[in-house]
Asker: 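Here it is: the structure, laid out below.
What you are looking at is a predicted structure, and each value in this text was computed from that prediction instead of being measured. All values below come from the heavy atoms of this structure, side chains included, with hydrogens, waters and symmetry mates left out. Whatever order the structure lists them in is the order used to number ligands and atoms, beginning at 1. Residue indices begin at 1 and follow the sequence shown.
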Amino acid sequence: MDQDIDILISEVGPRDGLQNTKQFMTTEYKKKWISAAAAAGLREIEVCSFVPPKLIPQMADAAEVVAHSLSIPGLNVAALAPNFRGAQSAMEAGVHKLTLTISVSKAHSLANVRMTPDEAIASAKKICAFRDSLPKDQRPIIESGLSTVFGCTLEGAVSEDEVVRMAVASVEAGCDEVGLADTTGYANPEQIRRVFKKVRAAIGDKLSGAHLHNTRGLGLANVVAALDVGVTTFDSSLGGLGGCPFAPGASGNIVTEDLVFMLEAMGLRTGIDLEKLLALRKILEEGIPDEPLYGYVPLAGITKGFVPATRH
Ligand SMILES: [Zn+2]
């Protein structure tokens, strides 16, 4: 973590958001968005996922988007990969951080990547070994992004012991970090505190961030719960982009604008300029005009006399 911020916000809209939108965003608009987000003070952006274009056509320009992102000074360029092939392409493209999606729910894992959770761990081990065979300056940080940690639309409740086991297995496979994702928007604040504590007890500071969805409106409450137990990295997406295909009308990731407002108002520095961040929505309104955008602060405006913790 940089010295001048308290919380790292990792913008995942270009990946998690666009992966779930119906409308296609052109490469030009993606580049514009990523550049403007970095200029607003975002330090880490998950810019794409390396998946077969046949499955997700929106990500067909992944390598080009990464190349553009790498040209932005100081930006930590992250990408997601579901399997070895994708991970290899991401490393060839030169990403700084690679997140592997590993689902704790067996049913979700099979549906999503056609591997059981244990097979996904074996794949992660192969990916980490490949990474370690590269020259030192070409090795990305590898994060195990554990998904469906707090509940699954297919299986319902997910065993917390299983979450801990998968976190430990991820570290043993060679992953540098483990993040916990509420992929389905099932989590509640008490559960967030309990599960993050359990996982930290097992893997210590290898536990990285929280990836929360706002599907049932508990996103920011869950952020506060995660703050309570020492989490300092959060994923979010501009305009809560992406929605949820299984819950019409429900937003996707937690909304970056609302998250930054809350953290800055609480005295926690994000390094992000809220006015510039709000102005970014224009790029989405132009680039994907039919997609609904979410967020309360963009509608209500910044409070009068607002003093952000981050000084610009
Ligand atoms: Zn997500």
Side-chain angles (χ1 to χ4, degrees), residues 8-22 25 37 42 44-51 55-56 58-59 62 78-83 86 90 97-105 107-109 111-113 117 120 143-155 158 163 166 170 177-188 191-192 195-196 208-223 226 231 233-259 284 291-295:
L8 176 68
I9 294 185
S10 183
E11 170 66 46
V12 298
R15 196 278 304 169
D16 207 349
L18 291 182
Q19 202 162 299
N20 290 302
T21 54
K22 286 182 206 79
M25 183 182 268
L42 281 146
E44 181 172 297
I45 305 179
E46 192 170 84
V47 298
C48 62
S49 66
F50 283 86
V51 286
L55 284 182
I56 306 178
Q58 178 71 82
M59 295 294 144
L80 187 137
N83 54 30
K97 179 179 163 185
L98 175 61
T99 298
L100 308 175
T101 37
I102 300 177
S103 190
V104 180
S105 145
H108 181 265
S109 187
N112 213 27
V113 291
E143 179 193 46
S144 163
L146 292 183
S147 60
T148 59
V149 164
F150 301 94
C152 170
T153 46
L154 301 168
E155 282 187 8
V158 167
V163 172
M166 292 292 287
S170 297
E177 301 176 353
V178 178
L180 304 185
D182 182 21
T183 318
T184 53
Y186 272 37
N188 69 69
Q191 189 185 12
I192 291 274
V195 174
F196 270 90
S208 57
H211 176 102
L212 303 169
H213 280 234
N214 195 38
T215 320
R216 289 171 181 79
L218 300 189
L220 289 185
N222 288 336
V223 169
V231 176
T233 300
F234 293 93
D235 291 356
S236 63
S237 91
L238 186 70
L241 196 68
C244 172
F246 308 108
S251 86
N253 291 98
I254 50 173
V255 177
T256 307
E257 302 90 304
D258 292 349
L259 175 64
L284 299 189
E291 291 296 333
L293 297 183
Y294 303 93

Asker: Under 2.8 Å from the Zn ion (ligand 1), which protein N/O/S atoms are there?
Answerer: Asp16 OD2, His211 NE2, His213 NE2

Asker: For the residue pair Ser170 / Ser144, report whether a side-chain donor-acceptor contact shorter than 3.5 Å exists.
Answerer: yes

Asker: Among Arg15, Glu11, His211, find the one that has a side-chain hydrogen bond (donor to acceptor under 3.5 Å, both in side chains) with Asn253.
Answerer: His211

Asker: Could you tell me if Ser103 and Ser109 have a donor-acceptor pair between their side chains, going purely by distance under 3.5 Å?
Answerer: no

Asker: Is the shortest side-chain heavy-atom distance between Gln58 and Gln19 below 4.5 Å?
Answerer: no

Asker: How long is the gap from CG on Leu8 to OG1 on Thr233, to the nearest 0.5 Å?
Answerer: 4.5 Å

Asker: Please name all residues satisfying side chain to side chain contact (heavy atoms under 4.5 Å, CB included) with Leu218, sequence neighbours left out, ordered by chain then number.
Answerer: Asn188, Asn222

